[in-house]
Amino acid sequence: MIIDSFVECGVDDFYISVNYKSKLIQAYFEELAPSYRLNYVYEEKPLGTGGGLHELSSNLVDGGQAAFLSD
């Protein structure tokens, strides 16, 4: 999984924007019992790429962040 590659580089805090099948996504990661922290940003309605990033931006602090999009 790509997250594992980031963990190997010292990243331990991740944000995931979820809407459709959010419970399934959460269950998947809970089952993994990861060593990293996952934060979920819930979209009450699908916001599209730009909207999801906008919702996420309020959770970030100044410094190095990277955004990766996937469906």
Side-chain angles (χ1 to χ4, degrees):
M1 181 178 347
I2 194 168
I3 289 178
D4 294 329
S5 297
F6 284 100
V7 171
E8 289 174 10
C9 294
V11 178
D12 63 356
D13 197 17
F14 298 89
Y15 286 84
I16 299 177
S17 179
V18 293
N19 175 277
Y20 181 67
K21 295 194 176 188
S22 61
K23 292 187 188 312
L24 180 66
I25 293 167
Q26 283 183 271
Y28 171 79
F29 282 106
E30 286 173 8
E31 200 170 295
L32 287 178
S35 62
Y36 46 85
R37 183 176 37 236
L38 281 172
N39 306 281
Y40 297 95
V41 178
Y42 298 94
E43 296 179 14
E44 292 186 23
K45 62 180 182 176
L47 300 173
T49 301
L53 288 174
H54 178 73
E55 290 292 310
L56 179 61
S57 68
S58 65
N59 293 290
L60 302 177
V61 296
D62 289 339
Q65 282 93 27
F68 299 91
L69 307 171
S70 179
D71 289 315

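These numbers come from a predicted model, not from an experiment. Every heavy atom of this structure was used, including side-chain atoms; hydrogens, water molecules and symmetry mates were not.
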Side chain to side chain contact (heavy atoms under 4.5 Å, CB included) evaluation trace for Tyr36 with Asp13: CA-CA 6 Å; Tyr36 46 85; Asp13 197 17; over 6 Å; no
Could you walk me through whether Tyr40 and Gln26 pass the side chain to side chain contact (heavy atoms under 4.5 Å, CB included) test, one step at a time? CA-CA 8 Å; Tyr40 297 95; Gln26 283 183 271; 3.5 Å; yes
Going through the distances and angles, do Leu38 and Ile16 end up as a side chain to side chain contact (heavy atoms under 4.5 Å, CB included)? CA-CA 7 Å; Leu38 281 172; Ile16 299 177; 3.5 Å; yes
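For the atom pair OG (Ser17) and CD1 (Ile25), the distance works out to 9.0 Å, reported to the nearest 0.5 Å. To the nearest 0.5 angstrom, Asp4 atom CG is 11.0 Å from Cys9 atom SG.
Both Val7 and Tyr28 belong to a common hydrophobic cluster when Ile, Leu, Val, Met, Phe, Trp and Tyr are linked at side-chain heavy-atom distances under 4.5 angstrom. Cluster membership check: Ile2 shares its hydrophobic cluster with Phe29, using side-chain heavy-atom separations under 4.5 Å among Ile, Leu, Val, Met, Phe, Trp and Tyr.
Side-chain contact check for Phe6 versus Asp12: every heavy-atom pair is 4.5 Å or farther apart. Asn19 places none of its side-chain heavy atoms less than 4.5 Å from the side chain of Tyr42.
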